[in-house]
Amino acid sequence: MGKYLVSFGDSNKYEVDFPGTLDQFTNSDIVKGLKEKVEEFLKEKFPAGNFSNIVPLHIEEANGGDYEKLDMSKIGGVLQNVMTQIGVEKFTDKLNLNAPFDKL
């Protein structure tokens, strides 16, 4: 059984057990479901924006370490982290627009 780490953008990494290769896991219903959950959440919160590039899904093989197992109880924390990342990105954009040399 393989162990893989899943994260969205700069979120915590969560461990997922999967009986297959990294390629199989990347194309699995588990990963598709995670992506759909985050995309639905983003569309609901930001109907006019596309923020999936700010919080891309990262998948890697677990190489030891002690990570929390990903289950449905952790999804709320993942989505809250997604909101924080988008807030930071938007605040940074606003700061950049107000920079002294933004007109150059």
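Remark: L34 CG to S28 OG distance equals 8.0 Å, nearest 0.5 Å. Distance check: I59 CD1 to S7 OG gives 9.0 Å after rounding to the nearest 0.5 Å.
Applying the salt bridge (charged side-chain N to carboxylate O under 4.0 Å, His left out) test to residues at least two apart or on different chains, the pairs with a partner in residues 17-33 are K3-D17, D17-K69.
Residues passing the side-chain hydrogen bond (donor to acceptor under 3.5 Å, both in side chains) test with E60 are K13, sequence neighbours excluded. With sequence neighbours excluded, the residues satisfying side chain to side chain contact (heavy atoms under 4.5 Å, CB included) with E36 are E40. Every residue two or more places apart in sequence or in another chain that forms a ring pair (Phe, Tyr, Trp, His ring centres under 6.0 Å) with F18 is listed here: F25.
Shown here for T26 and V31, the closest heavy-atom pair between the two residues is O-CG1, 3.5 Å. Contact detail for F8 and K35: the closest heavy-atom pair is CZ-N, 4.5 Å. The shortest heavy-atom contact between L70 and Y14 is CB-CB, 3.6 Å.
Cluster annotation: L22 is not connected to L5 through the hydrophobic network of ILVMFWY side chains, with a link wherever side-chain heavy atoms come within less than 4.5 Å.
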